[in-house]
Amino acid sequence: QVQMRESGGGSVQAGGSLTLSCVASGLTFDDFARGWFRQTPGKEREGIACIMFSVDRTVYRESVKGRFTISRDTANNTLLLQMNSLKPEDTGMYYCAAVRRLDCSGPWWDYTLDTWGQGTLVNVSS
């Protein structure tokens, strides 16, 4: 059974940084690509960063490019998201997911395993 558990959220002021973690059970980085998603108030959940199956190539949504970095700790089967220069519009719930589009191409955010954790809340104040 696949389970995802996100952590690391919190409250920061604009310009601050946070690092999110996602521990997955029931799958490894050799099985799927991985993605970070967020749901901001009043909007649908969107994919913001993807790291490809078994190689460290990454894809980012334009709104986070240059500020967020997705990476993995393979030894601990943990997905990370380093978030710098945070903005109030980054406020929302953040989730990780396994991505079936292994090269993170095209609309990779539409190709996830339907297994979601509870998410971790990020609140950025101005």
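This structure is a prediction, so every number in the text was calculated from the model and none was measured.
- Counting heavy-atom neighbours within 6.0 Å of R57 CZ, excluding the residue itself, gives a total of 12 or less.
- Side-chain atoms of W36 come within 3.5 Å of backbone N or O of L80 as a donor-acceptor pair.
- Cluster membership check: V2 shares its hydrophobic cluster with F32, using side-chain heavy-atom separations under 4.5 Å among Ile, Leu, Val, Met, Phe, Trp and Tyr.
- Of the inter-residue distances, the one linking N84 atom CG with T69 atom OG1 reads 6.5 Å to the nearest 0.5 angstrom.
- Considering only heavy atoms from C-beta on, I70 comes within 4.5 Å of L79 through its side chain.
- Counting non-hydrogen atoms of other residues, nucleotides and ligands closer than 6.0 Å to CZ of R45 gives a total above 12.
- L81 and M4 fall into different hydrophobic clusters, where Ile, Leu, Val, Met, Phe, Trp and Tyr residues are linked whenever their side-chain heavy atoms come under 4.5 Å apart, directly or through other members.
- Side chain of T78 to main chain of N76: a donor-acceptor pair is present (N/O by atom type, distance under 3.5 Å, no hydrogens or angles).
- One finds the CZ atom of F68 at 4.5 Å from the OH atom of Y94 (value rounded to the nearest 0.5 Å).
- Contact check for L20 versus M83: side-chain heavy atoms found under the 4.5 Å cut-off.
- Across all non-hydrogen atoms, the minimal contact from M52 to V59 is CE-CG2, 4.1 Å.
- Nearest heavy-atom pair across W108 and G35 is CZ3-CA, 4.1 Å.
- By the 6.0 Å and 45° rule, R38 does not stack over the aromatic ring of Y95.
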Contacts under 3.5 angstrom, residues 109-126 side chains, donor-acceptor by atom type, not counting sequence neighbours:
from: Y111; atom 1: OH; to: R101; atom 2: NH2; distance (Å): 3.2
from: T120; atom 1: OG1; to: G9; atom 2: N; distance (Å): 2.9
from: S125; atom 1: OG; to: V12; atom 2: O; distance (Å): 3.4

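- Considering only heavy atoms from C-beta on, R72 comes within 4.5 Å of I51 through its side chain.
- A search for salt bridge (charged side-chain N to carboxylate O under 4.0 Å, His left out) contacts involving R61 returns E46, not counting sequence neighbours.
- Residues I48 and Y60 fail the side-chain proximity criterion, which asks for heavy atoms closer than 4.5 Å.
- The two residues S17 and S85 come nearest to each other via the heavy atoms OG-N, 4.4 Å.
- Listed by chain and number, the residues in a salt bridge (charged side-chain N to carboxylate O under 4.0 Å, His left out) with R67 are D90 (sequence neighbours excluded).
- The main-chain N or O of S25 is never found under 3.5 Å from a side-chain atom of N77 such that the two would form a donor-acceptor pair.
- The CG atom of D103 sits 8.5 Å away from atom SG of C50, with the distance rounded to the nearest 0.5 Å.
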